[in-house]
Amino acid sequence: MKRLIPAFCALPLWLACAHAQTASDWETIKAASNPILADGKDYTTDPAPFIANGKLYILTGRDTAPPGVNDFIMPEWQMLETDDPASGTWRHNPHFMRPEAVFKWATAARAYAAQIVQGPDKRYYMYAPVIEADSKNKDAFSIGVAVSGGPEGPWIDAHPAGPIVSQSVPVANDIQNIDPTVLVDDDSRVYLYWGTFGRLKGVELEKDMMTFKGRPVDVSTLKGFFEAPWLFKRNGTYYMMYAGNTAGPQSECTEAVYYACQAYGTAKSPLGPWTYQGVLLDPVSSTTSHAGIVQFKDKWYIAYHNADARGGDHFRRSVSIDEIKWDDSVMPARIELVEPTHPPAGTPAPTRNIAPAARIVASNSPVPVQYWIRALNDGKVHENPLPPDTWGTWSPNNPKQQWVVYQWEQPLKFNGSRIQFWNDQPVGSGVGVAPPKDWHIEYWNEKAWVPVTNASAYGTSTEGFNAVSFDSVTTRCLRAVFDASTDGKSYAAVAAQEWEALYPKPVLVEAADTKEPASPVCATH
């Protein structure tokens, strides 16, 4: 919707003729569950909650990437507001602010994670990462500050001369300057943190909310820090929540390096030193994880994004909100692991694919951290998958043959299978990830692995599912065996998004609720 910019503004000079939102930009919506906007009409991301005028606001970005496009296409910020998160009633401004409309020195788009805080002067300040036009820096991302008399605007550039942080101002640096988080402390002193890709910086600001007071500190003690810092204070303790991606099969954070958990550390002073405390939110359905925590009416809430909305994906994310709980029996108080609430599951449909009920193990387990083995039977196929949307076997020296085993708790009947491969190299390649030269299905006959009989053709296309039918077998375990593509000198890796195990007729299937792997030889334990 087009906004109106009046020819004359009877406002204080610092707001004169500023960019303004009209009342018609706001609409009332009813959220029956998480995500707050679940219908896929507007995708919200990078939530930054704050309190103003007795209401809870959430500043969000907007994802507009078309399906299958793996890019953060984020042209503007949005705003959500409620009197009570439990009511499900929100006001939504889908077109709250565009970077270029406020920061004349900024380019359009890339409205990344921003935060609004109320300063000691009672005005509101928005710290926003945007791309600086005509920047001579290696990385043009920078942080600007907008100011307003109220949370809904109008907003103007508080520092029209340009960004307050970039790779060249006020202190030269070599990081990507995004993800700002700001705390106005009880004594009205102001602290800014920002950073990504494992680099986190913090500094005190002068009373003007923009000028560095001293040189920034570098934080290196927060285990697995990747991005998305969020600074807040509770009962005299400072907390730093952040997206962490310490990855591995035994990691408390994430199995796949592309995914992130929300972890946190604590400190006795706003500039640290910081002590790692643990994980408070497990990885969500989007690869990125970005969250904010706020106290509202004696309760604490975490706003975070995921891919749970209709049509959602890693680049089409939506904001959810849940209450967080504290364990005050320890010092510093511990944040209990958040139990995310999701949209109603709906009535399950019968299906022949009973792979979701299986445990899994592969010849390359533990799987390299860029992949995720349980992507094979999560029921999700992506138009343009990221590595953790697949199981993959890439290594510097790929073997001639690979396999995956599904195991169920009791013998079941099977007469077919489907698999969707992924590749970045053609058939016949000996490098990268290529469709297999061949593959086949085996079953466990309680003594050994035996190939299924009368199998139809084993297709190796990467353009969709490859279906195979075979004589019925009753077994607790199926194995897919892949002969790797080769150029005669070396072998390519194999990757698949989804592998289905087909029962003769549709049945209701309950997904396995365990991370316990299958047995390579179908042993009971």
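Just so you know, residue 1 is the first one in the sequence shown, and it goes up from there.
With hydrogens and angles disregarded, a donor-acceptor distance shorter than 3.5 Å links the side chain of Thr390 to the backbone of Pro387. With Asn173 contributing its side chain and Val171 its backbone, the two residues share a donor-acceptor pair below 3.5 Å. Side-chain atoms of Gln118 do not come within 3.5 Å of backbone N or O of Tyr124 as any donor-acceptor pair. Although no hydrogens or angles enter the test, the distance criterion places no donor-acceptor pair under 3.5 Å between the side chain of Asn34 and the main chain of Pro343. Formation of a donor-acceptor pair under 3.5 Å by the Gln420 side chain with backbone atoms of Gln497 is not found in this model. A donor-acceptor pair is defined here as one N or O able to donate and one able to accept, closer than 3.5 Å; no such pair exists between the side chain of Trp155 and the backbone of Gly149.
For the residue pair Asp157/Trp105, the side-chain donor-acceptor check at 3.5 Å is satisfied. Looking only at atom types and distance, the side chain of Gln167 has no donor-acceptor partner in the side chain of Asp139 under 3.5 Å away. Judged purely by distance below 3.5 Å, without hydrogens or angles, the side chains of Thr45 and His290 never pair a donor atom with an acceptor atom. Side chain to side chain, Asp179 and Thr196 fail the donor-acceptor criterion of an N or O pair below 3.5 Å. Side-chain N/O atoms of Asp313 and His382 include a donor and acceptor closer than 3.5 Å.
Here the closest heavy-atom approach between residue Ser142 and residue Glu132 is recorded as OG-CB, 3.7 Å.
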Worked check of salt bridge (Lys or Arg N to Asp or Glu O under 4.0 Å) between Asp121 and Arg123: CA-CA 5 Å; Asp121 62 0; Arg123 295 191 292 177; 3.0 Å; yes
Working for side chain to side chain donor-acceptor pair (under 3.5 Å), residues Asp308 and Ser320: CA-CA 9 Å; Asp308 289 357; Ser320 291; 5.4 Å; no
Worked verdict on Thr393 versus Asn364 for side chain to side chain donor-acceptor pair (under 3.5 Å): CA-CA 6 Å; Thr393 67; Asn364 67 332; 5.3 Å; no
Check against side chain to side chain donor-acceptor pair (under 3.5 Å), Trp422 and Asp389: CA-CA 10 Å; Trp422 182 87; Asp389 297 323; over 6 Å; no
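Counting heavy atoms from C-beta on, the side chains of Thr44 and Ile36 never come closer than 4.5 Å. In this structure, Pro99 and Trp77 have side chains that are in contact, with non-hydrogen atoms separated by less than 4.5 Å. Considering only heavy atoms from C-beta on, Pro273 stays 4.5 Å or farther from Thr221 through its side chain.
Separating the CH2 atom in Trp391 from the CG atom in Leu376 is a distance of 6.5 Å, to the nearest 0.5 Å.
No more than 12 heavy-atom neighbours from other residues, nucleotides or ligands sit within 6.0 angstrom of CG on Asn397. Open room surrounds CD on Glu339; 12 or fewer heavy atoms of other groups in view lie less than 6.0 Å from it.
Checked against Phe232 for a ring-ring contact (aromatic ring centres under 6.0 Å, His included), the options Tyr301, Tyr238, Tyr191, Trp300 give a single hit: Trp300.
The stretch residues 262-273 participates, sequence neighbours left out, in these side chain to side chain donor-acceptor pair (under 3.5 Å) pairs: Gln262-Ser289, Thr266-Gln277.
Aromatic pair Phe226/Tyr242: ring centres not closer than 6.0 Å.
A salt bridge links Asp71 with Arg110: at least one charged nitrogen is closer than 4.0 Å to a carboxylate oxygen. Using a cutoff of 4.0 Å between basic side-chain nitrogens and carboxylate oxygens, Arg91 and Glu152 are scored as salt-bridged.
Note on ring orientation: taking the six-membered ring where Trp is involved, the planes of Tyr239 and Trp326 are perpendicular (angle over 60°, cut-offs 30° and 60°).
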